[in-house]
Enquirer: 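First, the structure itself, so that you have it in front of you.
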Amino acid sequence: MGAGSRSNNVLVVPQANQALDQLKYEVAQELGIQIPQDGYYGYMASRDTGAIGGHITRRLVEIAEQQLAGK
């Protein structure tokens, strides 16, 4: 992408965005990390945001594995 270009990502399942957002808050709460109320992550430690993202990824992999196993 060139400078100034914008992403045109289109969600295939619009509800997925809401589900991921909910998962983000659940994981942050489990880790004891406070997500900024204003949605600005610039003052959060990279360590914290990375931990949240890593745990979300693990959780999504677990969900996918369970679905593939027919559970």
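These values consider heavy atoms only, across backbone and side chains, with no hydrogens, waters or symmetry-generated copies. All residue numbers refer to positions in the sequence shown, counting from 1.
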Enquirer: Can you check whether Y43 reaches P36 side chain to side chain, under 4.5 Å on heavy atoms?
Expert: no
Enquirer: Check whether more than 12 heavy atoms from other residues, nucleotides or ligands sit under 6.0 Å from atom CD of Q18, and answer yes or no.
Expert: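 No.
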Enquirer: Rounded to the nearest 0.5 Å, what separation is found between the CG atom of L20 and the CD atom of Q15?
Expert: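 Taking CG in L20 and CD in Q15, the distance rounds to 11.5 Å.
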Enquirer: As an exercise, state the distance from CD1 of I35 to CD of Q29, rounded to the nearest 0.5 Å.
Expert: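 So the CD1 of I35 and the CD of Q29 are separated by 9.5 Å.
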Enquirer: Only distances under 3.5 Å count here; give the side-chain donor-acceptor pairs of residues 53-65 to other protein atoms, sequence neighbours excluded, each with its distance to 0.1 Å.
Expert:
residue : atom : partner : partner atom : Å
H55     : ND1  : A51     : O            : 2.8
T57     : OG1  : G53     : O            : 2.9
R59     : NH2  : E30     : OE1          : 2.8
R59     : NH2  : E30     : OE2          : 3.2

Enquirer: When you compare the side chain of M44 with that of I33, does any pair of heavy atoms fall below 4.5 Å?
Expert: yes
